[in-house]
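Computed from a predicted structure; not experimentally measured. Ligands are counted one by one from 1 in listed order, and the atoms in each one are counted from 1 as well.
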Amino acid sequence: MIRVGINGYGTIGKRVADAVSLQPDMEVVGVAKTKPNFEAHTADQRGYEIYAAIPDRAPLFGDAGVELAGAIDELVAAADIMIDCTPSGVGAENKSLYESYETSAIFQGGEDADIAEASFNARANYDAARGADSVRVVSCNTTGLSRIIAPLWEAYGIDQVRTTLVRRGGDPSQNSRGPINDILPDPISIPSHHGPDVKTIFPDLAIDTLGLKVPATLMHVHALNVTLKSDVTAAHVRQLLEEESRIYVISEGMGIDGAGKLKDFAHDAGRPRGDIWENCVWGESIAISGRDLYLFQAIHQESDVIPENIDAIRAMTESATAAESIELTNRTLGVGITGSPIGVAETDHSEVEATDD
Ligand code: NAD
């Protein structure tokens with residue numbers, strides 16, 4: 001079993017912990033929290049051992065009725081791999097702690113690319129992380145772009161990607177973020193930083209990105225224009241994308257006209273926290289003009305990187321191939337939506353066997 005510790009139990013960390021706990025070849029050693037807030041109580045109820053991320057604050061946990069298993073150093077020492085899910089920039093401060101215990105580490109997309117040996121997306125460059133001691137799982141937007149660029153790149157070749165990213169202002173719980181009533185070019189300078197981030201996965205890709213922020217918390221929406229190297233039909237592209245396990249092509253009959261209905265769909269289907277791990281591409285939007293492909297996709301920022309963190313663990317420990325890991329992660333989490341109105345893949349734990357005891 002791969003022993004996994006999670007440092008930072010917020011939007012990403014709590015989802016990563018639950019995903020790790022569903023894997024037959026992994027176990028959650030514990031989660032590190034800075035304070036005994038509602039998430040600490042939930043972690044306790046879910047049976048995770050809780051460690052003090054800031055040892056001086058340990059007494060606060062006892063006062064709040066949350067039992068601690070120890071301090072962060074003990075968690076790092078006990079884990080084979082730490083998944084750092086702390087806010088942007090804090091991961092860089094934690095790096096030396098993980099190194100001092102020779103514990104491998106996965107960082108998130110808020111960190112600079114040079115924090116780790118490789119930037120990672122399971123569909124696009126799984127093998128870049130094989131045997132690495134440190135990996136950065138790229139951001140929600142870069143994950144969404146990488147997943148859709150990979151099959152287009154392989155099937156048709158790409159001359160140029162141009163993407164406008166309409167980004168949510170904050171996550172639902174981030175009530176200090178905005179805008180509340182505005183539409184912000186963000187960053188105002190063009191191109192945005194997203195293109196260079198995608199190039200950490202596809203170094204030879206020509207890509208320009210423009211970013212905006214809007215008063216929404218639900219999802220990001222990308223407007224993509226990809227100049228392909230081959231002449232193709234929209235139907236061919238649609239079929240190609242429908243074959244991707246982490247892309248959901250929304251069929252016209254579903255009546256899903258935006259991020260709000262996508263989130264309702266996920267909640268109605270009983271998805272944990274209403275999560276949508278897949279890129280959601282509107283089938284009607286897939287259009288071809290000459291060699292230019294156009295489409296819209298929605299990205300659930302809180303959850304699309306979760307399966308990628310699980311696959312990164314298997315890549316780093318060299319315990320599965322890309323295809324094996326993606327299949328196992330998809331099956332255990334329930335990733336995959338078909339075009340049918342029933343829609344959501346059954347989560348099947350019955351046939352899952354441990355690959356490493
Ligand atoms: P978050 O603020 O929701 O959660 C971070 C958690 O870490 C909080 O519980 C916070 O209290 C805790 N924390 C703060 N300082 C800490 C420390 N020193 N040690 C341990 N814990 C500490 O943040 P998030 O949205 O989960 O983001 C985490 C990382 O994931 C960032 O790099 C972010 O860029 C990246 N990411 C976020 C999203 C998203 O949309 N939320 C998507 C993809 C990637």
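When only non-hydrogen protein atoms are considered, atom 41 (N) of ligand 1 lies nearest to D171 OD2, 2.6 Å. From the protein, the heavy atom lying nearest to atom 42 (C) of ligand 1 is Q301 O, 3.1 Å. When only non-hydrogen protein atoms are considered, atom 20 (C) of ligand 1 lies nearest to N7 OD1, 3.1 Å. From the protein, the heavy atom lying nearest to atom 43 (C) of ligand 1 is C140 N, 3.6 Å. Protein heavy atom closest to atom 30 (O) of ligand 1, with residue, atom name and distance, is Q108 CB, 3.3 Å. In this structure, the protein non-hydrogen atom closest to atom 18 (N) of ligand 1 is V90 CG1, 3.4 Å.
Each of the following atoms of ligand 1 lies closer than 4.0 Å to a heavy atom of K35: 11 (O). Taking a cut-off of under 4.0 Å to the non-hydrogen atoms of A53, the atoms of ligand 1 that pass are 19 (N), 20 (C).
In this structure, of P172, G10, A52, the residue bringing a heavy atom nearest to atom 9 (O) of ligand 1 is G10. The residue among I299, T86, I12 with a heavy atom at the shortest distance from atom 31 (C) of ligand 1 is T86. Nearest-residue assignment for atom 7 (O) of ligand 1 (options G109, G110, P87; heavy-atom criterion): P87. Of the listed options C85, S173, G8, C85 places a heavy atom closest to atom 5 (C) of ligand 1. Relative to atom 17 (C) of ligand 1, the option among N309, T11, T34 with the closest non-hydrogen atom is T34.
Taking all atoms of both residues into account, the shortest heavy-atom contact from G65 to D44 is O-OD2, 4.4 Å.
Screening D112, D114, D197, D84 against R136 for a side chain to side chain donor-acceptor pair (under 3.5 Å) leaves a single residue, D197. No option in I286, N279, I247, L241 other than N279 meets the side-chain contact (heavy atoms from CB on, under 4.5 Å) test with Q297.
Judged purely by distance below 3.5 Å, without hydrogens or angles, the side chains of T329 and R314 pair a donor atom with an acceptor atom. Under 3.5 Å, the side chains of S245 and N330 contain a donor-acceptor pair of N or O atoms. Side-chain contact of N309 with Q108: a donor-acceptor pair under 3.5 Å is present, judged by distance alone. Between Y156 and D231, the side chains place no donor N or O within less than 3.5 Å of an acceptor N or O (distance only, hydrogens not considered).
Residue contacts with ligand 1, taken as heavy atom pairs separated by less than 4.0 Å, do not involve Q174 at all. Only backbone heavy atoms of Y9 (N, CA, C or O) come within less than 4.0 Å of ligand 1; its side chain stays farther off. By the criterion of a heavy-atom distance under 4.0 Å, the side chain of R168, and not its backbone, is placed next to ligand 1.
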Given I337 and R271, is the side chain to side chain contact (heavy atoms under 4.5 Å, CB included) satisfied, shown in steps? CA-CA 11 Å; I337 309 175; R271 288 260 174 128; 3.4 Å; yes

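The main-chain N or O of A92 is found under 3.5 Å from a side-chain atom of E111 such that the two form a donor-acceptor pair.
Ion pairing between a basic and an acidic side chain is recognised when a charged N comes within 4.0 Å of a carboxylate O; R246 and E308 show such pairing.
The aromatic rings of Y48 and Y9 sit perpendicular to each other, their planes meeting at more than 60°, with 30° as the lower class boundary.
For E93, the heavy-atom gap to ligand 1 stays at 4.0 angstrom or more.
Protein non-hydrogen atoms do not reach within 4.0 Å of atom 23 (O) of ligand 1.
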